[in-house]
There are 2 protein chains.
Amino acid sequence: MSSADDSDKIFKALADHRRRAILDALKDEPKTTGALCDMFPQIDRTTVLQHMRVLEAAGLIVARREGRERWNHLNALPIKEIHDRWIGDYARNAVSLMARLKADLEP
Amino acid sequence: MSSADDSDKIFKALADHRRRAILDALKDEPKTTGALCDMFPQIDRTTVLQHMRVLEAAGLIVARREGRERWNHLNALPIKEIHDRWIGDYARNAVSLMARLKADLEP
DNA sequence: TTGACATGTTATATTTTTATAACATAATGT
DNA sequence: ACATTATGTTATAAAAATATAACATGTCAA
């Protein structure tokens with residue numbers, strides 16, 4: 001199904017704070033491309049589109065054209081994927097790992 | 001405490017698959033810098049060191065010198081942090097978000 | 001102290017990301 | 001058809017990340 005390469009794409013897509021902000025903006029409801037661009041007036045429209053392409057390539061955005069608009073939807077499954085296969089394990093064990101760390105570092 | 005800037009550092013540090021591999025290598029037990037470098041013979045030692053510096057700056061590696069060796073320990077708390085404040089929420093709601101997505105995309 | 005080992009730094013080349021401008025297409029209302 | 005709106009593409013500049021070589025420091029053991 002999904003290879004390590006896919007995971008890497010997802011991690012890389014999430015690495016940019018503007019891209020995470022775009023996902024946040026799609027969390028409550030889908031938005032048109034124009035509406036999304038309007039939410040980031042400090043960034044050039046072309047730049048937003050480029051970020052969206054990265055998100056789409058990682059499967060985090062699914063879009064459908066309707067008339068002359070394009071509705072962009074969040075797909076959170078890729079996030080769940082890296083959570084399930086990598087991050088969740090670290091997050092779950094963080095406290096006990098921290099205990100070991102402290103024990104190791106103490107004299 | 002920990003700002004959005006810190007979160008960004010953590011996401012960026014995790015974006016590279018070699019750095020994630022380094023963390024994986026430290027998961028079971030701490031390792032010396034040399035032992036870590038030996039685990040990645042395909043990468044230059046200097047490159048591994050540079051990656052380690054990125055991980056250390058993000059708080060994911062905590063190190064202590066002992067004699068002429070340096071023991072590198074994993075600190076998973078930063079991962080838990082981005083999990084708690086961002087990823088976990090998406091991962092938890094992924095399935096219901098997916099349901100909405102399907103409903104939206106169906107005619 | 002001398003040599004070997006373990007680690008670290010600096011400088012620089014290479015590659016990838018990110019940002020932007022200029023141009024292009026496609027749908028809608030009049 | 002024509003003007004307008006919404007979106008998308010291509011080319012290129014600018015910045016950041018990554019890789020590597022050359023050099024430097026600190027520790028230990030004989």
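All values below come from the heavy atoms of this structure, side chains included, with hydrogens, waters and symmetry mates left out. Convention: sequence-line order gives letters A, B, ...; per-chain numbering from 1.
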Any donor-acceptor N or O pair under 3.5 Å, side chains N72(A), T33(A): yes

Would you mind telling me which residue lines up with the more 5' stretch of DNA chain C, R65(A) or D44(A), judged by nearest nucleotide?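 Of the two residues, D44(A) wins.
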
Whichever of E66(A) and Q50(B) has the more 5' nearest nucleotide on DNA chain C, that residue is Q50(B)

In this structure, how many angstroms lie between the [atom2] atom of [N] and the [atom1] atom of [X], rounded?
X	N	atom1	atom2	result
D38(A)	dT5(D)	CG	C1'	12 Å
R64(A)	dT7(D)	CZ	P	16 Å
I61(A)	dT7(D)	CD1	P	13 Å
M52(A)	dT9(D)	CE	C1'	15 Å

Using heavy-atom distances to pick each residue's nearest nucleotide on DNA chain D, tell me which of E69(A) and L49(A) is more 5'.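 Closer to the 5' end of DNA chain D: E69(A).
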
Which comes earlier along DNA chain D counting from the 5' end, the contact point of D16(B) or that of N72(A), where each point is its nearest nucleotide? N72(A)

So, under a plain 3.5 Å distance rule, would you say the side chain of R45(B) forms a donor-acceptor pair with the base of dG8(C)? yes

Spell out yes or no: do the side chain of R70(A) and the base of dT7(D) have one donor N/O and one acceptor N/O closer than 3.5 Å? no

Report yes if the side chains of L23(B) and I61(B) come closer than 4.5 Å at any heavy-atom pair, otherwise no.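 Side-chain contact under 4.5 Å: yes.
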
Flag the pair W71(A) / D104(B) as yes when at least one side-chain heavy-atom distance between them is below 4.5 Å, and no otherwise.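 No, side chains not in contact.
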
Taking salt bridge (Lys or Arg N to Asp or Glu O under 4.0 Å) as the criterion, tell me which of R64(A), K9(A), R70(A) meets it with E56(A). R70(A)

Short side-chain N/O contact to [N] OP1/OP2 from [X], under 4.0 Å:
X	N	answer
T33(B)	dG8(C)	yes
R68(A)	dG8(D)	no
H51(A)	dA19(C)	yes
R18(A)	dA19(C)	yes
T32(A)	dT7(D)	yes

Would you call the rings of H83(B) and H83(A) parallel, tilted or perpendicular, taking 30° and 60° as the class edges? parallel

Looking at the side chain of R53(A), which of dT10(D), dA19(C), dT20(D) is the nearest nucleotide?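 Of all the options, the side chain of R53(A) is nearest to dT10(D).
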
